[in-house]
Amino acid sequence: MKLRVFVPRDAAAIAVGADEVATALMKSAIKENAAIEVVRNGSRGMLWLESLIEIEQAGVRYGFGPVGANDVESLVKAGLFSANAPLSVTHPLALGPVERIDYFRRQTRLTFARCGVTDPLSLDDYRAHDGYKGLAKALALKPIGVVDEVAKSGLRGRGGAGFPTGIKWKTVHDTAGAQKYIVCNADEGDSGTFADRMIMEGDPFVLIEGMTIAGVAVGATKGYIYIRSEYPHSEIALNAAIGAARKAGLLGAKIAGSTHTFDLEVRMGAGAYVCGEETSLLDSLEGKRGVVRAKPPLPAHKGLFGRPTVINNVLSLAAIPFILSEGAKAYADFGMGRSRGTMPIQLAGNIKHGGLYETAFGVTLGELVDDIGGGTASGRPVRAVQVGGPLGAYFPRALFDTPFDYEAFTAKDGLIGHGGVVVFDDTVDMAKQAKFAFEFCAIESCGKCTPCRIGATRGAETVGKIMAGEKGEANLALVKDLCNTMKFGSLCALGGFTPYPVMSALTHFPEDFKRPAKLAAAE
Ligand SMILES: Cc1cc2nc3c(=O)[nH]c(=O)nc-3n(C[C@H](O)[C@H](O)[C@H](O)COP(=O)(O)O)c2cc1C
Ligand code: SF4
């Protein structure tokens, strides 16, 4: 039997040389006459250990990392390819059983259960790890029974707004339409986020199964996955998986021998943050420039090409197979308050242990940053943490007891968004960050409404004046007033939420906005 060696095909691993590691392993095996099979798996999400390679022995996976192509020779010399390799290999990069690494062991992996474990492009492997059990359950229920199960799970949209998925599906289910659509939002534009990408590259079938279940539930026969342009590896993985599912009769007419038809297509975006907003995404999918649509009508009533449409984030749809196969209660049993189930949290920025951490809602920000993430990569004190992407608030240490929960974050004038946590050390200049928030909004604004189109530019200018020590108090009052106008007068959350990073910087780090004129001249 061949020795199975796992090398991730995830873009984060490829970026640090995983392809070269795989090639070096194959060359080495030929030289050593060793019978190995290199499996290109997904990432385990411990990004500081990439490329993390694994060897399977008696059902246990032993890890080595971070491995570069230059490390392969010494690993092989230490006995990597021998029968009892991982136990005997004493090498500085040996990590022991991967699933016993603290960062991994402490997680509750429901959505990411298979990511890093299976061969992402093998339908057989997916099925061998409980894949397509959820669809089988869904096909045994009436469509409204599927919708009810999703509603009972308490799942809320993981794209940012946290809207209950069951209610969205029920609206589309109840809306008459000869043609309905399922659209997956894989635009993943938030800073510090990569969970959608990891799923698409590491377990694409779970997304395909989730979308198929959504189609069965609401009566949609066609689905689109809208992927951000920066994710070419996701496009390749999804197209390969869609092809395999189609071949196996799991997409197309009469899926899995049922009376239902459902098929999928991948579409690539063109690099606009605002095209992650659901209505401009629909415009973009229709071949137009991505501009936010006024609501109503809701996409659930009039969405893609004017038809009833479910639009959900990758993580929302990827949670569905577990909910159907294990039951709504099994999912809802995790979490706190109205935040049920697990959240795939992404630790990024200046952090020692950056990566994906799936856990039940309720973990505090402090636990995530100091304990799980191990503090900053620079070794300096943590000063601020931005949660929820570029429109999320900056949290100071004083708020590190805030639990990861939609309502708890709202109560602190913040948001969870897509679960991105970006860490900054004590060298951060929060006035610069506030200016950056306005600049980001000005660049990404679709231009449809005045508070955002004009306000963002004026905001960046005004913070610039404060930084230059010009009429500090008067300009601060102007910024606060402008934030109020943008918050309540913008058509969508791009303009409406830009005040969150700005106001949180002002509220929690006021000292950074007090600039003496002479200091400004030096900057
Ligand atoms: C400016 C802007 C950008 C957004 N970007 C994304 C994104 O990249 N991915 C995403 O899933 N949702 C994004 N959203 C949220 C979507 O509009 C929408 O709420 C989401 O796709 C609904 O899916 P969910 O209910 O599963 O979260 C964005 C919203 C705004 C206002
Ligand atoms: S808030 Fe900005 S992005 Fe949203 S509709 Fe208005 S101009 Fe467009």
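All figures in this text were calculated on a predicted structure; none of them were measured in a lab. Numbering of ligands and ligand atoms starts at 1, following listing order. Starting from 1, each residue takes its place in the sequence as its number. Worth knowing before you read on, the calculation uses all heavy atoms, side chains too, and leaves out hydrogens, waters and symmetry mates.
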Query - Ion pair R197/D10, N-O distance below 4.0 Å - result: yes
Query raised in the report: Within the distance-only criterion (no hydrogens, no angle test), does the side chain of S490 pair as donor or acceptor with the backbone N or O of K487 below 3.5 angstrom?
Result: no
Query raised in the report: Among C446, S280, A442, which one has a heavy atom closest to atom 8 (Fe) of ligand 2?
Result: C446
**Report entry** Atoms of ligand 2 close to K448 [distance to a heavy atom under 4.0 angstrom, numbered from 1]
**Finding:** 7 (S), 8 (Fe)
Query raised in the report: Going by the order shown, which atoms of ligand 1 are within less than 4.0 Å of some heavy atom of I311?
Result: 22 (C), 23 (O)
**Report entry** Close N or O approach (G189, ligand 1; < 3.5 Å)
**Finding:** yes
Query - Interfacing atoms of ligand 2 (cut-off 4.0 Å, heavy-atom, L494) - result: 3 (S)
Query raised in the report: What atoms in ligand 2 come closer than 4.0 Å to a heavy atom of V274?
Result: 3 (S)
Query raised in the report: Do K168 and ligand 1 have an N or O pair less than 3.5 Å apart?
Result: yes
Report summary line: A student checking ligand 1 against S316 at a 4.0 Å heavy-atom cut-off should list atoms 24 (P), 26 (O)
Requested in this report: Please write down residue, atom name and distance for the protein heavy atom closest to atom 6 (Fe) of ligand 2.
Outcome: C449 SG, 2.2 Å
Requested in this report: Using a 4.0 Å heavy-atom cut-off, say whether R156 meets ligand 1 through its side chain, its backbone, both or neither.
Outcome: neither
Query raised in the report: Counting both backbone and side chain atoms, is some N or O of G276 under 3.5 Å from an N or O of ligand 1?
Result: yes
**Report entry** Reference residue D512; test side-chain hydrogen bond (donor to acceptor under 3.5 Å, both in side chains); the match among K432, Q433, R383
**Finding:** R383
Query raised in the report: Where the side chain of E286 meets the backbone of F305, is there a donor-acceptor pair that is under 3.5 Å apart?
Result: yes
Query raised in the report: Going by the atom numbers of ligand 2, which of them fall below 4.0 Å from some non-hydrogen atom of S490?
Result: 1 (S)
Report task. Mark up the atoms of ligand 1 that fall under 4.0 Å of a heavy atom belonging to L494, in ascending order. Result -> 1 (C), 31 (C)
Requested in this report: Decide, yes or no, whether a salt bridge links R40 with D119 under the criterion of side-chain N to carboxylate O below 4.0 Å.
Outcome: no
Query raised in the report: Under 3.5 Å, is there a donor-acceptor pair between the side chain of S284 and the main chain of S280?
Result: no
**Report entry** Identity and separation of the nearest protein heavy atom to atom 1 (C) of ligand 1
**Finding:** Y273 CE2, 3.6 Å
Requested in this report: Report yes if G159 has an N/O atom closer than 3.5 Å to an N/O atom of ligand 1; otherwise report no.
Outcome: yes
Query raised in the report: Within 45° of the six-membered ring axis of F104 and under 6.0 Å from that ring's centre, is NZ or CZ of R44 located there?
Result: yes
Query raised in the report: Can you list the ligand 2 atoms lying under 4.0 Å from a non-hydrogen atom of G495?
Result: 1 (S)
**Report entry** E278 (side chain) donor-acceptor with G303 (main chain) under 3.5 angstrom
**Finding:** no
Report task. Please report which non-hydrogen protein atom sits nearest to atom 2 (Fe) of ligand 2, along with the residue it belongs to and the distance in Å to one decimal place. Result -> C452 SG, 2.3 Å
Query raised in the report: What is the nearest protein non-hydrogen atom to atom 23 (O) of ligand 1, stated with its residue, atom name and distance?
Result: N313 N, 3.3 Å
**Report entry** atom 19 (O) of ligand 1: the protein heavy-atom neighbour that sits closest, reported with distance to 0.1 Å
**Finding:** E278 OE1, 4.0 Å
Query raised in the report: Considering only protein heavy atoms, which is closest to atom 12 (N) of ligand 1, and at what distance to one decimal place?
Result: N185 ND2, 3.1 Å
Report task. Identify whether the distance between the nearest side-chain nitrogen and carboxylate oxygen of K137 and E149 falls below 4.0 Å. Result -> no
Query raised in the report: Does ligand 1 have a heavy atom under 4.0 Å from the side chain of E277, from its backbone, from both, or from neither?
Result: both
Query - ligand 2 atoms in contact with G447 (distance to a heavy atom under 4.0 Å) - result: 7 (S), 8 (Fe)
Requested in this report: Look only at the side chain of R158 and the backbone of N313, and say whether a donor-acceptor pair between them is shorter than 3.5 Å.
Outcome: no
Query - salt_bridge(R114, D203) N-O dist < 4.0 Å - result: yes
Requested in this report: State whether the side chain of S339 and the backbone N or O of D405 hold a donor-acceptor pair below 3.5 Å, judged by distance alone.
Outcome: no
Query - Atoms of ligand 1 close to R158 [distance to a heavy atom under 4.0 angstrom, numbered from 1] - result: 26 (O), 27 (O)
**Report entry** N or O pair under 3.5 Å between D196 and ligand 1
**Finding:** no
Query raised in the report: What atoms in ligand 2 come closer than 4.0 Å to a heavy atom of S445?
Result: 2 (Fe), 7 (S)
Query raised in the report: Has the side chain of N350 got a donor or acceptor atom that lies under 3.5 Å from a matching backbone atom of T376?
Result: no
Report task. Fit a plane to each ring of F361 and Y406, take the angle between them on a 0 to 90° scale, and name the class: parallel (under 30°), tilted (30 to 60°) or perpendicular (over 60°). Result -> tilted
Report task. Report the nearest protein non-hydrogen atom to atom 4 (Fe) of ligand 2: residue, atom name, distance rounded to 0.1 Å. Result -> C492 SG, 2.4 Å
**Report entry** Aromatic plane relationship, H353 with Y103 - under 30° parallel, 30 to 60° tilted, over 60° perpendicular
**Finding:** perpendicular
